[in-house]
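What follows is a short report on a single structure.
Order of the sequence lines fixes the chain letters, A, B, ..., with proteins taken first and strands second; residue numbering starts at 1 for each chain.
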Number of protein chains: 2
Amino acid sequence: MTSAETKAEPRGRLSATDWEQAALDVLAHGGVAAVAVESLARTLGVTKGSFYWHFPTREALLKAAIDRWEQRDEDQVIGHVERIVDPRERLRELFQRVSREVQSHLVYAALLQASDHPLVQPVIERISKRRLALLTAAYAEAGFDPRTARHRARLAYTAYSGFLQLNQRHGMPRMDQEEYQAYIDHVIETLVPA
Amino acid sequence: MTSAETKAEPRGRLSATDWEQAALDVLAHGGVAAVAVESLARTLGVTKGSFYWHFPTREALLKAAIDRWEQRDEDQVIGHVERIVDPRERLRELFQRVSREVQSHLVYAALLQASDHPLVQPVIERISKRRLALLTAAYAEAGFDPRTARHRARLAYTAYSGFLQLNQRHGMPRMDQEEYQAYIDHVIETLVPA
DNA sequence: CAGTCTCCATACTTGCGCGTATGGTTACTG
DNA sequence: CAGTAACCATACGCGCAAGTATGGAGACTG
């Protein structure tokens, strides 16, 4: 009885989507390893027998869940941020969204931590390329020459993912809301000079 | 026969230190999960029977190996960098060392990825605190007010660990040596203004 | 209301990696 | 050169989570 033997909410019937949703939840808080079928079944109030009707294997669920997340991310984060023209605002928005929209970033952090898994490796690569391109374009628009834009984008992105890694899960003296905002402001000020 | 069933170099006898050394090697390249006793035994040219003479459990080996690494890190990286007074030079040295001294940083990256493991969690916390303090002190010496120094240090450190995470293992369009140097220079220029 | 399709439970089997038990071999000491 | 201690091999037990086999209960269709 370590932690999450809790819920067991018995909705009537389940669909594949329900499993994917539940998988994303535990993925966000427990990492890839925590996505286990028997455990998931318990939190959904059913048993393995149910799972293997909807999915052929655990990997299939993982892939489906991650694909769903990537799709939502493409729409919400990218689609929304991409419309902001000012790179300063764009970067601010990206970092601000780490505090709200926690779920999505938690999943990303979990995936980062399991980047050696053959299933998530290509996902991380795609996401990284995409976001890096987004940042690079932003800096280029802001007047940076291509080379500098690439470097600055990489710096911003590594700072972003390093931040996720060092905060969301463990250690690092916790920041309160005010300190967090001050930090974000500092990052913007440092990485997006006038 | 996935990958590393190779070596099997039969030195005469083995000591606990040999096992710790080998553990660090596979830890650096395969992560914490790759530190498996039977696998390690094969690469050392022996069997499990040998291992359990030197160590009571796998966790014990892991702890010993990580302790050894942390000790070496304390001496080499910190001890050496700490003597550099100019923070600009100190930061440059820290980032430069990511290319040389690969082993140590690879281990750190592997530990970062397994930061949920009860054995490495306190290690990461210690290391993070220590390095963050190092950077904070450097920025403070350089004339930053305490609050800004903390923020800048955090930014530099997250950029550092994010860089490790996104490069050393997987994805991210590989940088050649020249590009890498240019990037480092850009980071220094950006994070350590005159 | 008989048949079937969907969803789920129960009881297995299987693979993998840790740990144990026990005996063998080399090295070292008196 | 016995005898003991350090080091290692072989063979087993065991737990855990994935995957399988099979049958049962509710819903929907003719």
Could you tell me the separation between the [atom1] atom of [X] and the [atom2] atom of [N], rounded to a whole number of Å?
| X | N | atom1 | atom2 | answer |
| --- | --- | --- | --- | --- |
| B/Glu38 | C/dG17 | CD | P | 7 Å |
| B/Phe55 | C/dT20 | CZ | P | 15 Å |
| B/Tyr52 | C/dG19 | OH | P | 4 Å |
| A/Trp53 | C/dC7 | CH2 | P | 4 Å |
| A/Phe51 | D/dT20 | CZ | P | 11 Å |
| A/Leu44 | C/dC7 | CG | P | 14 Å |
| A/Leu40 | C/dA9 | CG | P | 14 Å |
| B/Arg42 | C/dC18 | CZ | P | 10 Å |

### Query
Hey, is the side chain of B/Thr57 poking within less than 4.0 Å of OP1 or OP2 on C/dG19, counting only N and O atoms?
yes

### Task
For D/dA6, take OP1 and OP2 only and decide whether either is under 4.0 Å from a side-chain N or O of B/His54.
no

### Query
Has the side chain of A/Lys48 got a donor or acceptor that lies under 3.5 Å from a partner of the other kind on the base of D/dA18?
yes

### Message
Taking A/Leu40 as the starting point, is it possible to reach A/Leu119 by hopping between hydrophobic residues whose side chains are less than 4.5 Å apart?
### Response
yes

#### Entry: 5'-most by nearest nucleotide on DNA chain C - B/Arg58 or A/Val46
A/Val46

### Query
Can A/Arg131 be said to sit on top of A/Tyr108's aromatic six-ring, NZ or CZ under 6.0 Å from centre and within 45° of the ring axis?
yes

### Residue pair A/Ser104 / A/Arg72, side-chain donor-acceptor N/O under 3.5 Å
no

### Query
Hey, are B/His186 and A/Arg147 close enough side-chain-wise for a donor-acceptor pair under 3.5 Å?
no

## Note on the structure
Looking only at D/dA9, C/dC8, D/dC7, the nucleotide nearest the B/Thr47 side chain is D/dA9

